[in-house]
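Provided herewith is a single structure, encoded as structure tokens, for subsequent inquiry.
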Amino acid sequence: MAALHEILRVQKLGKNHGGYHGETIDIRAVLRDIKTAAQSHGWTSELFYKTGDLELFALHRRTEAGSQNPESRIYISTGIHGDEPAGPLAALKLIQENRWPANAEIFLLPCLNPDGFVLNTRGNADGIDLNRDYRHLESNEITAHVRWLERQPKFDLTLCLHEDWESHGFYVYELNPDGHAPLGEKLVAAVARVCPIDLSPVIEGREASGGVIRPSLDPATRPQWPETFWLLQNKTRQSCTLEAPSDFPLAVRVDALVTAVNAALESWQR
Ligand SMILES: [Zn+2]
């Protein structure tokens, strides 16, 4: 059977030249909806930084039995790049759909760069790319985020939701240095039903295969750290960065991210 995106003939919009020029979101309204939905489904919310009237907050969902010993602890974050609107919208949809594994504890950070969304810029209000700031902590947002992270338990899996305005389809970066059961191909197979996959042999200058990049690297040797490097060094041994292609319609990208997160969660229900 043909994949859904082939049936729907989802095609690149050709809008993005030199940056993201697609739809934007009202981040205040999206964060308000996220808080309302989270509250109605029993999540707790912790504010860890404020920039003007905009809040950086972490949502926490216990296991259904309220167990102190969950089968897994899963961390999901997004909204670190202000020109990637599908991430916060995917967070909202995941909370509204409320399809979480019963025995998993979920930590969800729906927007790490609210100022960037107001400005529709990758960086924060000072132009800092927050996803390069986890080694030197020059921004207030990431300093506060790391202080929050330091108070959390270890995570079995971390998922960071992004978009790439240059890509030809969805792809995944997987960091898995201890050789746990790989996730990348499973996520790509699930997402292929709703969104094209980037099958390029090289993506972002890195060797890729079937929409999955597995960089072999040692964060300790790198001068700048994205969020995943900090997580790998301090909190997890398996991390997937999900990249939706931002030259496709926003609804397709949101679906791609939601589908990938659900596929990752399902593979942990074992
Ligand atoms: Zn990004």
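Numbering of ligands and ligand atoms starts at 1, following listing order.
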Salt bridge (Lys or Arg N to Asp or Glu O under 4.0 Å) assessment of Glu64 paired with Arg61: CA-CA 9 Å; Glu64 271 166 21; Arg61 181 191 178 279; 3.4 Å; yes
Taken to the nearest 0.5 Å, the spacing of Lys235 NZ from Thr228 OG1 works out to 16.0 Å
The atom name of the N, O or S atom in His162 nearest to the Zn ion (ligand 1) is ND1
Any N/O/S atom, side chain or main chain, of Glu84 closer to the Zn ion (ligand 1) than 2.8 Å? yes
For the Zn ion (ligand 1), the nearest N/O/S atom on His81 is atom ND1
- Under 3.5 Å, is there a donor-acceptor pair between the His168 and Asp247 side chains? no
Q: Could you tell me whether the side chains of Glu227 and Ser77 share a donor-acceptor contact shorter than 3.5 Å?
A: yes
